[in-house]
Amino acid sequence: MVTDKDLEAALTLVRAEAAGPVAGVFGPASLTWRIDREAVIFLGAGRALLLQLAHPWVAAAIAEHSRTLADPIGRFHRTFGIVFAMVFGPLDRALLSARQLHGRHTMIVGHMPEAVGPFAAGSRYCANEVAALRWVHATLVETALMAHDLVLPPLSVEERERYWTESRLFGALFGLTPDDLPGNWSAFAAYTEEMAQSETLTVSTAAREVAAQIFGGARPWLRPPRWYRALTASMLPERLRTGFGFELDERDIRVAGRAVRWIKRVYPKLPDRLRYVGPYQEAQARLNGSTEPDWMTRCLNRAWIGRPQMDDRGRQ
């Protein structure tokens, strides 16, 4: 378990390694900023969610404690709001978000409603357990890079190692220690591959129901387009894709491939103001001495995090 004391010890490490009070945990020279600033990482949002749902603890927690189905857009905003504040916020905002996330996780405890994989019915789950946090962290790190490399020039071997070093610091914001995480990129890749094949990831009834609601769309106006559903399915390990009941026929493969080819042609030509997410643009303005984002950044922030300013301390 990650306790309050554990989290504060991890945040002490973050402070020591951070780029600075204004630049935040990573700063403009980091690969984390270079990757996470790209709006194209949204291509992987569905994959990351499904991989998290494939962990029975996460699926049970979302089904019993989350308003994802009642408020999917709110869930999107809350998730990106926390992650972007950790990545692009000033140091004190990033640490506050880490504490807020830990506090929310502390309240997410319960018992498994059914036996799933290695987890017995009635066994206890908790969101602040190290192994569960390690998997959620891994889905965010791996999927962001996968979506980036799908459209933009892929990172070199050396850059991947550097990216993973920064990602270990990102993990500290979850309360994970260096000993809780793989030591290098190769070990991380081996861990994700092992998890993909292990019984720890078993698609439960709750996971299938949540996925069906999101990707099938109880609300047709929120249903992802076919190309996005097909792309998401193609990015999953086959075992988990089958578990979720996603079919991937030849038409789906063509639709997803055509969409990716079009995005690869158009996306790199977009102006930075449209290509980069609002929180990154707010961070750049902060580094240039601005205390308030301009109107366009505020609009982009509303789209990504549901409020006009990342560092608003609750102001709307």
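What you see is a predicted model; the values in this text were computed from it and never measured. Values below: every heavy atom of this structure, side chains too, minus hydrogens, waters and symmetry copies.
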So do [Y] and [X] actually touch side chain to side chain, heavy atoms under 4.5 Å?
X: L152; Y: K264; answer: no
X: L51; Y: W135; answer: yes
X: I263; Y: W227; answer: yes
X: E158; Y: E161; answer: no
X: V255; Y: D252; answer: no
X: V25; Y: M86; answer: no
X: F246; Y: F215; answer: yes
X: R298; Y: E292; answer: yes

[X] side chain to [Y] side chain, donor-acceptor N/O pair below 3.5 angstrom:
X: S204; Y: E114; result: no
X: T297; Y: E282; result: no
X: E38; Y: Y267; result: yes
X: R47; Y: T143; result: yes

More than 12 heavy atoms from other groups under 6.0 Å of CD on Q100: yes
How long is the span from the [atom1] atom in [X] to the [atom2] atom in [Y], to the nearest 0.5 Å?
X: S167; Y: R162; atom1: OG; atom2: CZ; value: 11.5 Å
X: L53; Y: L240; atom1: CG; atom2: CG; value: 11.0 Å
X: L50; Y: H55; atom1: CG; atom2: NE2; value: 15.5 Å
X: N184; Y: R168; atom1: CG; atom2: CZ; value: 8.5 Å
X: L96; Y: L91; atom1: CG; atom2: CG; value: 11.0 Å
X: E64; Y: I108; atom1: CD; atom2: CD1; value: 11.0 Å

Are [Y] and [X] linked, directly or through intermediate hydrophobic residues, by side-chain heavy-atom contacts shorter than 4.5 Å (ILVMFWY only)?
X: L173; Y: V83; value: yes
X: W262; Y: Y228; value: yes
X: L300; Y: W33; value: no
X: V40; Y: L231; value: yes
X: V58; Y: V130; value: yes

What closest approach, in Å, do [X] and [Y] show between heavy atoms, and which atom pair accounts for it?
X: H102; Y: N128; result: O-ND2, 3.2 Å
X: V136; Y: T139; result: O-OG1, 2.7 Å
X: A144; Y: D36; result: CB-OD1, 4.0 Å
X: R307; Y: G81; result: NH2-O, 4.3 Å
X: Y191; Y: A131; result: OH-O, 4.5 Å
X: N301; Y: Q309; result: ND2-CA, 3.8 Å

Trace of the side-chain contact (heavy atoms from CB on, under 4.5 Å) decision for I82 with I305: CA-CA 8 Å; I82 290 171; I305 62 176; over 6 Å; no
Distance under 6.0 Å and angle within 45° of ring axis: R37 vs Y276: yes
Could you check whether any side-chain N or O of [X] sits under 3.5 Å from a backbone N or O of [Y], counting only pairs where one atom can act as donor and the other as acceptor?
X: R275; Y: A39; result: no
X: D6; Y: T3; result: yes
X: E209; Y: A63; result: no
X: W164; Y: P182; result: yes
X: H105; Y: L133; result: no
X: R239; Y: S198; result: yes
X: E129; Y: M1; result: no
X: R134; Y: D180; result: yes
X: Y163; Y: S30; result: no
X: S290; Y: R286; result: no

Pairs of donor and acceptor atoms involving the side chains of residues 7-24, under 3.5 Å and at least two apart or interchain, shall be tabulated with distances.
unit_1	atom_1	unit_2	atom_2	d
E8	OE1	R99	NH2	3.1
E8	OE2	R99	NE	2.8
T12	OG1	E8	O	3.0

Sequence neighbours left out, what passes side chain to side chain contact (heavy atoms under 4.5 Å, CB included) with [X]? Give chain and number order.
X: E193; result: Q197
X: T79; result: R75
X: M112; result: P56, W57, A60, V116, F119, S123, Y125

Residues F26, F88; criterion ring pair (Phe, Tyr, Trp, His ring centres under 6.0 Å); working and verdict: CA-CA 8 Å; F26 303 101; F88 297 120; 8.8 Å; no
Parallel, tilted or perpendicular: ring planes of F170 versus F174, cut at 30 and 60 degrees: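 Rings of F170 and F174: perpendicular, over 60°.
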F80 and F42 aromatic ring geometry - parallel, tilted or perpendicular at 30°/60° bounds: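 F42 vs F80 ring planes: tilted.
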From CA spacing to verdict: side-chain contact (heavy atoms from CB on, under 4.5 Å), T232, L43: CA-CA 8 Å; T232 299; L43 291 177; over 6 Å; no
For R160, side chain to side chain donor-acceptor pair (under 3.5 Å) partners two or more places apart: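 D149.
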Going by an N to O cut-off under 4.0 Å, is there a salt bridge joining [X] and [Y]?
X: E247; Y: R241; value: no
X: R34; Y: E166; value: no
X: R273; Y: D294; value: yes

Test log, rule side-chain contact (heavy atoms from CB on, under 4.5 Å), inputs L248 and S234: CA-CA 7 Å; L248 198 61; S234 70; 3.9 Å; yes
F188/E142 under side-chain contact (heavy atoms from CB on, under 4.5 Å): CA gap, chis, key distance, verdict: CA-CA 9 Å; F188 173 66; E142 182 190 42; 4.0 Å; yes
Partners passing salt bridge (charged side-chain N to carboxylate O under 4.0 Å, His left out) against D249 (at least two apart in sequence or in another chain):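 D249: salt bridge (charged side-chain N to carboxylate O under 4.0 Å, His left out) contacts with R226.
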